[in-house]
Amino acid sequence: MRIFDPHIHMTSRTTDDYEAMYAAGVRAVVEPSFWLGQPRTSVDSFTDYFDALLGWEPYRAAQFGIQHRCTIALNPKEANDPRCAGVLDVLPRYLAKDGVVAVGEIGYDSMTPEEDEALARQLELAVEHDLPVLVHTPHRDKAVGTRRTLDVVRESGIPPEHVLVDHLNELTVSMVADSGCWMGFSIYPHTKMSEDRMVRILQEHGTERMLVNSAADWGRSDPLKTRKTADAMLAAGFDADTVDQVMWGNPVAFYGQSGRLDLEDVKPDETALFEGNSVKRGGE
Amino acid sequence: MAPPIPTALDHHLTPEARRWLTDAVARVGDDPTAVRTVFPAVGRHCGRGPLVDGWTVADAARARLLAALPLRGAALAEEITALHRYGDSAEQRAVLRSLALLEDADASFADLGVPLVRAALRGNDTDLIEAALGPYAARHLDEDGYRHAVLKCVFCGIPLDRVAGLTERADRELARMLADFAHERVAAGRDVPSDIWPIVRAHPGALEASGLPAEATSSSSDRRAAAAAALAAFTGAE
């Protein structure tokens, strides 16, 4: 089984996770830029983070046979901090990079005017750079937030097939399905969405434009949730081709719209170096 | 003889890539800030493979974009320093390889690119170190900086024939440093890279002043063997 996790924050994960993910069939991931659990206080912290998403992390992933791409954006939560607003000015440099396959995560956290401004500007940038976008939906007041997100997306003029609306659930899936955007589901150990609920949504809404991710990060989360959902799909009677469509074909089709996905077969290789440094420790 | 880099680039590019580059050069000529988004995109539009003389296709295409910048002196330095700051290693190496050409076209650029050379020399990326040690570094690094750059190459296994200006700039102090380096290697029972010997040999007495010859009578057999190999390489390879 081959798996593409379309949303996972590998910067926060260990090499054991990479090994377990490879063993489970994960061969490609997209790491959206997001917040780090603690606020950043300057634009420079963001650019160092973006550089790591484009440099060190893809190198680390490749050592374990996994191809790593990223999405770049000013996330909604930090868009509210005036010290970070300058990130919007450096984004064009990053959106031009080979490793960037979408603008993201953008969207709403608390639906403030600052978030409106950052969302609108970044949708414009996506159109200008001909990139798809990954849109985060708020955890609080999700249905209203998702509705408003879809309105802003529609007004921006970006084609709906360039938009992936993420962290959906039973109450928000239908409005996104009707919009023509792609639908993302984050499968978490305790919150958001479980494997079994995901299977029921797929049974009800079909597998077109559907993406499943682990959204694993620095919080309690499980980078193998994609595989566990795939197993739950098989147990529920989905055939292997349909599982492959959800776990591989759909994310490849969505991010492939960037024209930069270019997946190749990478084999684990711990001997390679990044800027002269490696993942090994002395004595290995 | 390999064709000059711009000619080689023109031969190499597909019609589509050439159109993209021509358009990108025109955009940069009209608005220098356009370089900030076309410079990172060069690899996927023009290719990344080798061209000639250690340059890649992307290096040569990026050099052409930098040459098109309608900026001079400090403004030029500021733009290329930012490209380097936000660049991945492929972008950084292209900036480094372009420094001499930028100065050739604009004398007021002068030594404003030296901080980028020094940044590469502080790192461990051999590709960037090699790219930094072109004619621009040979012109601008001071004596101490140049000698330490050569020594870093020897440590990192970068062949010294990739370092510009060595014939003119190698001096007795560099020969001393390399002879001491060779002694250190021999005392560890290790091989010495052969490309240091022409420099040491050009300065009579440099080898003798190091402790290397005495290693030939060391009580340790691996040191004696390493010394014998080093001394044979020193006298042999004329």
Side-chain angles (χ1 to χ4, degrees), chain A residues 33 42-59 62 68-70 72 86-101 103 124-131 255-264 271-280 282, chain B residues 16-17 20 23-24 27-28 31-48 56-58 61-62 65 78-96 119-132 152-153 155-158:
Chain A
S33 55
S42 75
V43 175
D44 290 346
S45 319
F46 276 87
T47 54
D48 289 340
Y49 171 67
F50 296 157
D51 292 338
L53 292 183
L54 287 158
W56 178 247
E57 203 55 44
Y59 159 75
H68 180 291
R69 302 291 185 272
C70 69
I72 294 285
V87 171
L88 293 171
D89 301 326
V90 295
L91 284 180
R93 291 183 187 272
Y94 285 98
L95 298 181
K97 305 282 184 188
D98 293 339
V100 176
V101 293
V103 176
E124 273 170 30
L125 284 172
V127 172
E128 206 174 294
H129 290 261
D130 201 18
L131 282 171
Y255 289 118
Q257 297 178 97
S258 66
R260 305 180 197 170
L261 196 55
D262 221 3
L263 295 176
E264 58 214 47
T271 61
L273 296 177
F274 174 73
E275 292 179 4
N277 301 314
S278 83
V279 293
K280 294 187 196 173
Chain B
E16 195 186 350
W20 182 86
D23 175 63
R27 287 177 57 201
V28 168
D31 170 14
T33 65
V35 80
R36 299 172 192 175
T37 48
V38 292
F39 198 74
V42 163
R44 61 181 179 272
H45 291 288
C46 297
R48 304 177 179 89
T56 64
V57 176
R62 287 191 167 110
L65 290 175
E78 193 181 329
E79 194 62 50
I80 66 138
T81 299
L83 288 173
H84 180 272
R85 157 63 190 88
Y86 294 108
D88 60 19
S89 53
E91 294 167 61
Q92 292 186 347
R93 65 171 262 157
V95 171
L96 291 166
L121 294 176
R122 280 195 302 273
N124 293 319
D125 190 326
T126 53
D127 208 35
L128 293 184
I129 294 170
E130 190 181 321
K152 179 133 189 177
C153 288
F155 267 87
C156 297
I158 299 171

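Letters A, B, ... mirror the listed sequences (proteins, then strands); counts begin at 1.
- B:Arg93 is linked by a side-chain hydrogen bond (donor to acceptor under 3.5 Å, both in side chains) to B:Asp59, B:Asp127, counting only residues two or more places apart in sequence or in another chain.
- Interface remark: B:Ala82 contributes backbone and side-chain atoms alike to the contact with chain A (heavy atom separation under 4.5 Å).
- Looking at B:Leu128, neither its backbone nor its side chain comes within 4.5 Å of chain A, counting heavy atoms on both sides.
- Residues A:His129 and B:Thr37 meet the side-chain proximity criterion, which asks for heavy atoms closer than 4.5 Å.
- In terms of the ring-ring contact (aromatic ring centres under 6.0 Å, His included) criterion, residue partners of B:His45 (sequence neighbours excluded) are, by chain and number, B:Trp20.
- The pair B:Glu91-A:Lys97 meets the salt-bridge criterion, since a charged nitrogen lies less than 4.0 angstrom from a carboxylate oxygen.
- Every residue meeting the salt bridge (charged side-chain N to carboxylate O under 4.0 Å, His left out) condition with A:Asp89, not counting sequence neighbours, appears here in chain and number order: A:Arg121.
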Derivation of the salt bridge (Lys or Arg N to Asp or Glu O under 4.0 Å) call for B:Arg48 and A:Asp98
CA-CA 12 Å; B:Arg48 304 177 179 89; A:Asp98 293 339; 2.8 Å; yes

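- Annotation: residues 46-55 of chain A contacts chain B through A:Thr47, A:Asp48, A:Asp51 [non-hydrogen atoms, separation under 4.5 Å].
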